[in-house]
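For reference, the structure is listed below as structure tokens.
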Amino acid sequence: MPEHFHLLISPVGTLEKSIQFIKGGFSFRAKRELGSNMEVWQKSFTDHRIRDDADYEKHVQYVYSNPVKRRLCNAAIEFPYCSAFPGLVKDPGPQRLKALERQAAVGAPEGAPLQRFERRALKEAPCKEVESRPG
């Protein structure tokens with residue numbers, strides 16, 4: 001899309017720190033290579049914890065459908081900036097999602113609801129490190 005993008009990531013540290021690296025790295029390079037001091041990013045982002053394989057697949061399909069809905073192409077595989085485009089290398093879905101699916105069947109709580117983070121809130125509240133498990 002010309003004005004936004006979607007990421008499905010499994011951060012090693014905190015999600016906030018991962019987004020800071022992505023946004024900061026891109027902004028630094030864009031300013032250096034384009035000679036522009038324009039703001040590139042919104043001050044917030046939206047997150048959603050993927051709960052299981054079905055939820056993961058739902059979000060992958062949502063990402064794939066974006067350029068089609070915007071009429072940038074007829075099918076996601078035609079859009080060169082979509083991960084559905086042929087020849088792009090993608091990581092497989094996280095293996096741990098299958099375990100979460102089995103846990104949910106026996107009454108484990110669902111993932112966190114959709115949340116919106118703003119830069120101001122991130123500066124005021126210290127970030128807790130998220131325990132990472134090998135995928």
Side-chain angles (χ1 to χ4, degrees):
M1 275 32 69
E3 77 292 333
H4 77 280
F5 68 94
H6 299 272
L7 291 173
L8 293 174
I9 63 172
S10 298
V12 175
T14 65
L15 177 62
E16 294 81 6
K17 193 69 162 172
S18 298
I19 298 299
Q20 179 184 9
F21 281 130
I22 292 166
K23 287 181 170 185
F26 180 86
S27 295
F28 176 80
R29 188 169 174 188
K31 288 177 182 180
R32 185 184 67 204
E33 293 182 16
L34 302 174
S36 170
N37 285 326
M38 287 179 39
E39 283 296 319
V40 177
W41 301 101
Q42 286 182 203
K43 295 187 186 310
S44 63
F45 66 93
T46 302
D47 85 331
H48 171 79
R49 181 180 300 267
I50 302 294
R51 294 180 294 273
D52 54 35
D53 273 343
D55 195 27
Y56 177 78
E57 187 57 33
K58 174 182 153 188
H59 283 81
V60 168
Q61 291 308 315
Y62 175 81
V63 170
Y64 286 0
S65 70
N66 261 239
V68 177
K69 287 179 188 175
R70 298 288 304 273
R71 296 190 172 109
L72 298 171
C73 57
N74 291 320
I77 62 170
E78 298 171 359
F79 193 61
Y81 307 107
C82 181
S83 55
F85 191 75
L88 293 180
V89 178
K90 297 171 279 300
D91 291 336
Q95 287 296 313
R96 69 181 178 277
L97 294 180
K98 292 178 178 142
L100 290 177
E101 187 174 86
R102 284 191 295 276
Q103 290 172 3
V106 295
E110 289 191 4
L114 191 64
Q115 299 176 14
R116 187 169 182 86
F117 291 94
E118 296 200 18
R119 185 180 299 167
R120 179 180 63 250
L122 294 176
K123 287 181 182 174
E124 294 169 1
C127 297
K128 290 192 273 183
E129 288 296 319
V130 175
E131 178 183 332
S132 61
R133 291 177 262 168

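The six-membered or imidazole ring of W41 lies near that of F5, with a centre-to-centre distance under 6.0 Å.
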Run the side chain to side chain contact (heavy atoms under 4.5 Å, CB included) test on L15 and F45 for me, step by step, so that the C-alpha distance in whole Å, both residues' side-chain angles and the decisive distance to 0.1 Å come before the verdict. CA-CA 10 Å; L15 177 62; F45 66 93; 3.7 Å; yes
Can you check side chain to side chain contact (heavy atoms under 4.5 Å, CB included) on K69 and Y62, steps first, answer last? CA-CA 10 Å; K69 287 179 188 175; Y62 175 81; 4.2 Å; yes
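Between the CD1 atom in I19 and the CD1 atom in I9 there is a gap of 4.5 Å [rounded to 0.5 Å]. L8 contributes atom CG, which lies 7.5 Å from atom OG of S83 (distance to the nearest 0.5 angstrom). To the nearest 0.5 Å, the span separating CZ on F26 from NZ on K31 amounts to 11.0 Å. The distance from atom OH of Y56 to atom CD1 of I50, rounded to the nearest 0.5 Å, is 8.5 Å. To the nearest 0.5 Å, atoms NZ (K23) and NZ (K43) are separated by 9.5 Å.
Taking both residues in full, the closest heavy atoms of C82 and A76 are given as CB-O, 3.8 Å, listed atom of the first, atom of the second, then distance. Of all the heavy atoms in F85 and K90, the pair that sits closest is O-NZ, 4.4 Å.
Taking the six-membered ring where tryptophan is involved, the planes of H48 and H59 are essentially parallel, since the angle between them stays under 30° and well short of 60°.
No side-chain donor-acceptor contact under 3.5 Å links Q20 and E16.
The hydrophobic cluster containing V68 does not contain V60, counting ILVMFWY residues as joined when their side-chain heavy atoms lie under 4.5 angstrom apart, directly or transitively. With hydrophobic clusters built from ILVMFWY side chains whose heavy atoms lie under 4.5 angstrom apart, V40 shares a cluster with L7.
More than 12 heavy atoms of other shown residues, nucleotides or ligands fall within 6.0 angstrom of atom CZ in R32.
A cation-pi contact links K17 to F21, judged by a cut-off of 6.0 Å to the six-membered ring centre and 45° from its axis.
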